[in-house]
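Every chain is numbered from 1 and lettered A, B, ... according to where its sequence line falls, protein lines coming before strand lines.
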Amino acid sequence: MDQLPILIPLPLLVMALVVPVVALARPGAAFPLTLAAVAASATASALALAAVLDDGPMSYALGGWAPPLGIEYVVDHVAAYVSVVVTSVSLLVIVGTRRWAVREAGDRLGPFYGLVLLLLAGLTGMVVTGDLFNLFVFLEISSLAAYALVFMGGRAGMVAGFRYLVLGTIGGALYLLGVGFVYFATGTLNMADVLSILEADSSGRAVQAGAVLIFTGLGLKMALVPLHLWLPDAYTHAPSSVNTLIAPVMTKVGAYAMLRMFLSVFPDGYLRDAVPVADALLVLGLAGIVLGSVAAMAQTDLRRMLAYSSIANLAMIAVGLGIGTPLALVAALLHVMNHAVMKAALFSSVASVRLATGSSSVGGLAGIGRRMPLTMAAFTLGAVSMVGIPPTAGFFSKWYMAQAGLQDGQWLVAVVVLGSSLMTAVYLFRVLERAYLHPVPLVAGAAPDAPPAAAVQEAGESPADVVWPALALGLATVVLGLLNVVIVTRVLEPGV
Amino acid sequence: MVWELELALFGLLVVSAIVALQLRDLIAAVAALSVYSFMAAALLAMMGAVDVAFTEAALGAGITGVLFIGAISLMHRRSVD
Amino acid sequence: MTEQHDSIILNFVVRVLLVPFIFVFGVYVLVHGEASPGGGFQAGAIVAAGLVLARLTTGSEHGERRISTRVLLWLASAGIGIYVLAGIVPLLAGVNFLDYAALPVEWFNAVAGHERTNRAMGIFIVEVGIFIGVFSVLVILYDHLTERFTDD
Amino acid sequence: MKWLTAALLLPLAALLIYVSADLPDRGDPDAPANLHLSPELVEVTERDIEIPNIVTAVLADVRGYDTLGETLVVFTAGLAVLLVLMRGARPRDSGRSNER
Amino acid sequence: MIEEIAARFPYWATAALIVIGLYGMIAKRSLVKKLIGMNILQSAIILFFIAGSLREGASVPILFEEGAVARAEDFVNPLPHVLMLTAIVVGVAITGVALAFLVRIREEFGTLDEESLLEQVRR
């Protein structure tokens with residue numbers, strides 16, 4: 001049981017090496033092997049979470065070299081929690097997108113699933129690591145895999161993938177540069193060690209510059225507002241098997257890395273008093289919520305709409321970090337999970353709709369609610385949670401966030417959070433209205449980019465292995481909403 | 001080490017970086033990039049980082065240059081900037 | 001890039017004199033990486049460069065010299081697999097991941113189980129794994145970058 | 001566009017140069033980075049690892065997990081190239097996956 | 001003045017290189033030039049780390065004499081070297097993938113000019 005921390009990324013790493021080779025001979029084996037690895041990793045994460053809840057944070061010295069010298073894995077409440085979220089959401093998503101993967105990757109299933117595993121290995125590695133440079137290495141693994149997977153998505157995906165690569169590399173380089181400044185000021189790379197040295201003496205411009213550069217780099221990776229330009233195209237044009245996976249988990253881990261900087265790298269209050277990072281996050285976050293929501297309202301393609309809504313929701317997490325009180329951090333962390341689950345539900349159901357009708361435009365959805373009741377039920381649950389209506393999970397993170405804002409005297413936060421709920425309602429309920437209340441069009445070409453009406457008329461429900469993961473994610477928003485008190489008091493509050 | 005020599009090399013490095021970015025002929029630009037990498041490797045060796053210098057020469061200058069040329073030779077050589 | 005150069009002299013110089021020398025140098029860099037600059041990454045790059053040089057002079061249309069992507073992928077997986085195994089074996093022995101001191105390499109030295117030697121041995125094993133992995137991935141990269149033709 | 005970029009990058013340049021005044025002098029033996037971990041690494045290499053090249057020892061053993069991650073980056077690159085360029089995998093579905 | 005230059009010039013030079021590289025990545029329209037800028041940026045960061053790890057009067061981090069007691073002050077700080085070895089390899093991997101993207105984009109669009117690519121996609 002002492003070995004639990006390494007067992008979180010290890011199955012993914014090992015299987016990433018095995019899958020491409022096995023798939024050369026038996027392409028059909030790629031999917032079950034991938035699934036087994038992700039399931040193993042999810043199990044390890046869950047066990048780690050249980051162990052942390054019982055015995056407190058775990059530290060693991062890789063190679064047996066004691067921490068400041070070697071690399072350390074730190075599994076505390078927050079890390080175990082995020083790792084459980086990432087692995088279990090991706091488990092469901094991978095099941096649900098199998099058909100898309102077969103269609104989109106064709107005879108390249110081996111490399112495809114290898115990259116998916118490496119992406120997840122990178123993300124889980126980032127989550128549990130306690131070393132600044134190790135974070136960079138795993139960040140690059142997951143980013144590189146994501147660039148290639150996005151690039152797979154046809155002509156537009158190619159351009160989006162290349163731009164993603166250029167901007168993502170700039171983000172990685174700025175992060176590395178920031179780590180360099182911190183290293184030259186403190187002489188160490190271990191997060192806990194950096195913290196203790198900075199607590200003794202945190203004066204000096206080098207650390208300030210390091211903090212600014214690290215947050216700019218991570219801001220690029222998590223698509224904070226002026227740096228979000230890569231995200232809409234990448235999410236829209238990525239293949240369905242890919243955006244369903246990266247939209248829920250990828251940027252969330254970037255946000256988590258930022259939170260890590262707050263919690264265990266820079267001393268308490270340093271990012272507020274010595275460098276204006278927290279204020280910048282607050283302002284940019286508020287701007288991002290507004291801009292993302294407004295842009296989402298203007299979209300006619302579901303995937304692009306959800307991409308802009310992702311920007312708004314990530315900005316909400318940034319707002320939580322910017323306020324910086326324990327309550328706000330709890331709200332941000334809760335939103336990390338909630339948004340991962342509901343975005344996965346929404347993207348999965350969009351993938352299911354595209355599988356049946358071949359289109360993801362809002363215009364083409366008329367009457368789809370009766371044709372594909374289960375898929376649209378999942379979509380509705382995700383949408384309701386996204387808007388933030390009480391029994392669902394989305395309500396609680398927004399509620400905590402507004403409360404944290406009011407407590408801190410930032411009434412603007414509460415206003416913007418409430419406003420974002422209204423705007424989300426506008427763009428998502430428009431979809432629901434069309435899906436449930438409009439009749440199926442009888443004339444082809446009712447909307448310019450709609451599929452032929454026949455496609456919607458003939459569309460039945462997608463196969464069970466596509467629908468049920470989406471529905472499970474949709475139901476999870478309700479379950480997690482009901483369980484939120486337990487999650488907050490047992491997992492999050494001890495963690496921040 | 002004599003720091004003036006390092007300073008001179010750094011100056012050359014900046015010049016070759018600008019040249020690599022401004023050349024219109026892509027093969028020439030890649031050649032300039034290789035020159036840049038080799039000078040960086042020399043500088044790294046001067047600063048006592050022999051392992052890094054070796055790697056930069058083998059991977060950064062060698063392999064990167066080969067991959068660039070391999071990819072570009074299939075394309076138009078002129079860039080529009 | 002793949003047209004055949006029919007110069008016998010070029011062919012001879014490169015394939016008989018230069019490439020074997022580069023390969024030997026690469027292996028030297030790998031084996032000597034523990035005492036002097038060098039190691040798996042550099043050796044992999046050098047040997048891959050040697051192979052690329054051979055491809056450049058003689059053209060890669062000739063099937064004889066091609067190592068297929070299939071084999072290269074196997075090699076890459078196996079090479080990095082060696083590294084991961086060097087981490088997992090200590091894990092099975094009950095100590096932390098990548099703790100080379102627990103590697104079962106006593107057969108190598110008479111002073112059985114001496115930790116210092118074990119670690120050196122572990123490093124060597126790992127470097128060999130890196131070498132194989134880096135070499136094969138670089139050749140995959142080169143092959144696929146240069147093999148696709150556009151019509152102009 | 002070019003001028004906009006330049007306008008964005010000049011503050012960065014100014015920041016980097018402004019901050020450099022606070023970095024340790026070139027070759028300063030008392031810089032934090034030279035005092036904190038580097039002596040331990042030399043000691044540990046001499047005591048626990050039977051190879052003379054400190055960089056190799058630290059690379060492959062003390063920070064061996066970083067190096068494992070690094071080889072995985074290389075492997076990722078290999079898989080990425082296969083996914084993008086593998087022959088026989090013509091983008092026959094690019095039209096379909098590209099519809100808006 | 002001279003001392004100031006002697007103590008700081010590596011940082012200034014690497015700052016200049018970083019900015020040049022970023023400029024190439026953002027402002028250049030040719031995708032190949034963007035990648036050249038990316039390589040300049042990566043090398044600049046490597047130089048930055050190594051320049052910061054210098055130690056006056058220290059030698060290459062290799063223990064030459066077996067058995068002789070090594071004094072830590074005799075060696076350059078090895079940790080940045082290790083980190084930068086990793087960074088170089090990561091950089092080459094990214095460059096390789098980016099070049100694969102280029103080849104594929106060239107095949108599909110017939111151009112590597114960013115403006116005309118975006119135009120073609122928007123159409």
Side-chain angles (χ1 to χ4, degrees), chain A residues 1-27 30 33 37 40 44 58-67 69-73 75 107-115 117-118 121 125 128-129 131 134 137 141 144 148 151, chain C residues 41 67-103 113-116 118-127 129-130 132-141 143-145 147-148 150:
Chain A
M1 279 302 109
D2 299 336
Q3 310 287 349
L4 263 181
I6 188 65
L7 293 181
I8 296 173
L10 193 59
L12 303 168
L13 295 184
V14 173
M15 213 47 103
L17 298 175
V18 174
V19 163
V21 175
V22 171
L24 286 176
R26 315 174 128 265
L33 287 176
M58 286 185 275
S59 160
Y60 184 83
L62 285 150
W65 295 99
L69 207 55
I71 295 167
E72 184 189 18
Y73 262 10
V75 182
D107 46 4
R108 291 165 297 174
L109 272 179
F112 174 83
Y113 276 117
L115 286 171
L117 284 167
L118 284 165
V128 288
T129 192
D131 190 277
N134 195 244
V137 173
I141 295 179
L144 202 50
F151 190 85
Chain C
F41 290 104
I67 311 178
S68 75
T69 300
R70 180 176 285 264
V71 173
L72 286 169
L73 189 61
W74 264 103
L75 278 176
S77 271
I80 300 166
I82 292 175
Y83 201 147
V84 176
L85 270 183
I88 293 181
V89 168
L91 204 62
L92 297 178
V95 296
N96 284 6
F97 192 68
L98 284 175
D99 194 341
Y100 304 143
L103 282 179
H114 197 299
E115 280 199 11
R116 281 189 81 207
N118 266 11
R119 287 191 190 281
M121 220 26 221
I123 290 176
F124 181 69
I125 292 171
V126 159
E127 293 275 3
I130 295 174
I132 299 172
V134 169
F135 159 76
S136 25
V137 169
L138 287 179
V139 176
I140 290 179
L141 245 65
D143 278 357
H144 284 263
L145 279 180
E147 275 232 329
R148 290 175 89 95
T150 42

Is chain A contacted by the side chain of C:V95, its backbone, both, or neither, given a heavy-atom distance below 4.5 Å?
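Backbone only.
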Heavy-atom cut-off 4.5 Å, strictly under: side chain, backbone, both or neither for C:I88 against chain A?
side chain
Distance-only, no hydrogens or angles: does the A:Y60 side chain make a donor-acceptor pair with backbone N or O of A:V75 under 3.5 Å?
no
To the closest 0.5 Å, what do you measure between [atom1] ([X]) and [atom2] ([Y])?
| X | Y | atom1 | atom2 | value |
| --- | --- | --- | --- | --- |
| C:L138 | C:F41 | CG | CZ | 10.5 Å |
| A:L117 | A:F112 | CG | CZ | 10.0 Å |
| A:E72 | A:M58 | CD | CE | 12.5 Å |
| C:I130 | C:Y83 | CD1 | OH | 5.0 Å |
| A:I141 | A:L13 | CD1 | CG | 7.0 Å |
| C:L103 | C:M121 | CG | CE | 9.0 Å |

For C:V126 and C:Y100: C-alpha separation, side-chain torsions, deciding distance, then whether side chain to side chain contact (heavy atoms under 4.5 Å, CB included) applies.
CA-CA 10 Å; C:V126 159; C:Y100 304 143; 3.3 Å; yes
Residue among C:S77, C:A76, C:G94, C:A78 with most heavy-atom pairs under 4.5 Å to chain A
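Going by pairs under 4.5 Å, I would pick C:S77.
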Counting heavy-atom pairs under 4.5 angstrom with chain A, the leader among C:D99, C:L91, C:N96 is C:N96
Can you list the steps and then say if C:L72 with C:D143 is a side chain to side chain contact (heavy atoms under 4.5 Å, CB included)?
CA-CA 11 Å; C:L72 286 169; C:D143 278 357; 4.1 Å; yes
Between A:L62 and chain C, which part of the residue has a heavy atom less than 4.5 Å away: side chain, backbone, both or neither?
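For A:L62, heavy atoms of backbone and side chain both lie under 4.5 Å from chain C.
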Could you tell me which of A:V14, A:L10, A:L7 has the largest number of non-hydrogen atom pairs under 4.5 Å with chain C?
A:L10
What parts of residues 15-25 of chain A touch chain C if we use heavy atoms and a cut-off under 4.5 Å?
A:L17, A:P20, A:V21, A:L24
